[in-house]
Amino acid sequence: MHAERKLSPEFYIREDTAKIARELLGKLLVVPDEGGHRVSGMIVETEAYLGIGDRAAHSYGGRRTGRNEIMYGAGGQVYVFFVYGMYYQFNAVAGPAEHPHAILIRAVEPVEGIEMIRERRGKMADHNLTSGPGKLCIALGINRSFNGESLFGERSWIENFRDISKAQIAVGKRIGIDYAGEDAQKPWRFWVRGNPFVSKPRLEISQQT
DNA sequence: CATTTGATAACG
DNA sequence: GTTATCAAATGT
């Protein structure tokens, strides 16, 4: 395998999780299928979850359970969990060990293996194939068994692909976390402005300075 | 806007 | 061990 384009551990093991989330835009999420063929999508939407002090994070207040244990590991691992009784969410663990931050990949734009993606998603308009965290897991064949996998292995990884200019990046509030109180207002959702694969058009928070 | 079911937390 | 509450969403 040629792994040169894979992001290095240093990319994930940094303190500024929001920055990592922003930099993941334009990168390629690759999950080979059973036959070893590349199925991939460009990341167009992410959300940062900043650990202990973030009411919306599973690790808020230092909560540590069998489910979120992975978040306490070093950055560069896959954290997959099940929600709403039917959907998976794909996250990349960020930061050093005992620093339970993670970045939720909310949407990708199909790049390779589109036929496979269409097959998995059924008859679906193209812009609906991967425009949401649950959808992209189905499309890329991600399931519970990916939890705890390394992003430097052969099951799934993220590699360099496009550069997204700062002007193309939109910032806003995270989605589906109304219970998080003030933290629900934090500008920790990032997406590529105008990209049709972003899960939902939402209000942008004008970036300070 | 109703739906869905596994994971958690709070019990006993 | 049992029970109650809730969840990083989706499809209609």
Side-chain angles (χ1 to χ4, degrees), chain A residues 12 17-18 20-22 24-25 29 41 43-73 75 77-95 99-110 117-118 120-149 151 156 158 170-192 196-203 205:
Chain A
Y12 303 98
T17 305
I20 299 174
R22 200 184 329 128
L24 277 174
L25 295 174
L29 173 60
I43 297 170
V44 297
E45 183 181 358
T46 61
E47 281 179 6
Y49 285 85
L50 306 206
I52 309 218
D54 181 0
R55 282 191 57 80
H58 286 160
S59 50
Y60 171 65
R63 265 202 318 265
R64 188 166 189 156
T65 66
R67 177 171 69 151
N68 70 11
E69 181 64 30
I70 302 294
M71 292 182 77
Y72 287 84
Q77 298 178 78
V78 177
Y79 175 37
V80 172
F81 59 89
F82 201 55
V83 283
Y84 299 127
M86 28 181 147
Y87 302 113
Y88 293 106
Q89 309 278 309
F90 183 91
N91 302 255
V93 176
H99 195 256
H101 290 203
I103 294 154
L104 169 69
I105 308 299
R106 290 191 50 89
V108 303
E109 172 177 336
I117 290 174
R118 288 214 182 89
R120 285 174 175 150
R121 292 281 296 135
K123 220 169 186 177
M124 194 70 72
D126 279 8
H127 67 271
N128 276 327
L129 291 174
T130 54
S131 54
K135 297 180 197 172
L136 73 89
C137 284
I138 298 170
L140 298 180
I142 291 163
N143 57 52
R144 181 192 305 281
S145 76
F146 283 73
N147 193 40
E149 289 276 327
L151 281 170
S156 63
I158 299 173
V171 183
K173 295 186 285 191
R174 293 173 296 178
I175 291 178
I177 52 164
D178 298 336
Y179 59 88
E182 292 186 2
D183 286 334
Q185 308 301 316
K186 297 288 170 59
W188 291 336
R189 172 172 179 243
F190 304 93
W191 70 96
V192 178
F197 293 89
V198 169
S199 62
K200 283 177 184 171
R202 288 287 163 98
L203 194 63
I205 294 178

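Chain letters run A, B, ... following the sequence lines, proteins first and then strands; every chain starts at 1. For the numbers below, each heavy atom of this structure counts, side chains included, while hydrogens, waters and symmetry mates do not.
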*asked:* Once pairs are restricted to Watson-Crick or G-U wobble with both distances under 3.5 Å, how does DNA chain C read as a dot-bracket string, [ ] for crossings and | for other-strand pairs?
replied: |||||||.|||.

*Which residues satisfy the ring pair (Phe, Tyr, Trp, His ring centres under 6.0 Å) test with A:Tyr87, sequence neighbours excluded?*
none

*asked:* Just to verify, what does A:Glu109 make a salt bridge (charged side-chain N to carboxylate O under 4.0 Å, His left out) with, not counting sequence neighbours?
replied: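 Not a single residue meets the salt bridge (charged side-chain N to carboxylate O under 4.0 Å, His left out) criterion with A:Glu109.
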
*For A:Arg63, enumerate each residue passing the salt bridge (charged side-chain N to carboxylate O under 4.0 Å, His left out) test, keeping only those at least two apart in sequence or located in another chain.*
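Partners of A:Arg63 under the salt bridge (charged side-chain N to carboxylate O under 4.0 Å, His left out) test: none.
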
*Any idea how A:Phe81 and A:His58 line up, ring-wise: parallel (<30°), tilted (30 to 60°), or perpendicular (>60°)?*
perpendicular

Side-chain N or O of [X] closer than 4.0 Å to phosphate OP1/OP2 of [N]:
X: A:Arg106; N: C:dA9; value: yes
X: A:Arg121; N: C:dG11; value: yes
X: A:Arg64; N: B:dA9; value: no

To the nearest Å, how far apart are [X] [atom1] and [N] [atom2]?
X: A:Asn143; N: B:dG6; atom1: CG; atom2: P; value: 15 Å
X: A:Phe197; N: C:dT10; atom1: CZ; atom2: C1'; value: 18 Å
X: A:Leu129; N: C:dT10; atom1: CG; atom2: C1'; value: 15 Å
X: A:His58; N: C:dC6; atom1: NE2; atom2: P; value: 15 Å
X: A:Tyr60; N: C:dC6; atom1: OH; atom2: P; value: 17 Å
X: A:Met71; N: B:dA7; atom1: CE; atom2: P; value: 17 Å
X: A:Asn128; N: C:dA9; atom1: CG; atom2: P; value: 16 Å
X: A:Phe81; N: C:dC6; atom1: CZ; atom2: P; value: 18 Å

*asked:* Can you pull out the residues from residues 83-92 of chain A that lie within a 4.0 Å heavy-atom distance of DNA chain B?
replied: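 Close to the strand are A:Tyr84, A:Gly85, A:Met86.
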
*Report which part of the nucleic acid A:Ile177 touches: base, sugar-phosphate, or nothing (heavy-atom distance under 4.0 Å, all strands).*
sugar-phosphate

*asked:* Applying a 4.0 Å non-hydrogen cut-off, can you work out what A:Arg144 is touching in the nucleic acid: base, sugar-phosphate, or nothing?
replied: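 A:Arg144: backbone/sugar contact only, no base atoms under 4.0 Å.
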
Can you name the side chain to side chain contact (heavy atoms under 4.5 Å, CB included) partners of [X], sequence neighbours left out?
X: A:Pro100; answer: A:Ile52, A:Ser59, A:Met71, A:Tyr72
X: A:Asp183; answer: A:Asp54, A:Arg55, A:Arg174, A:Ala180, A:Lys186
X: A:Ala21; answer: A:Thr46, A:Ala48, A:Ile103, A:Phe190

*Rounded to the nearest 0.5 Å, how far apart are CZ of A:Arg121 and CG of A:Leu136?*
9.5 Å

*With sequence neighbours excluded, give me every salt bridge (Lys or Arg N to Asp or Glu O under 4.0 Å) pair touching residues 124-146 of chain A.*
A:Arg118-A:Asp126

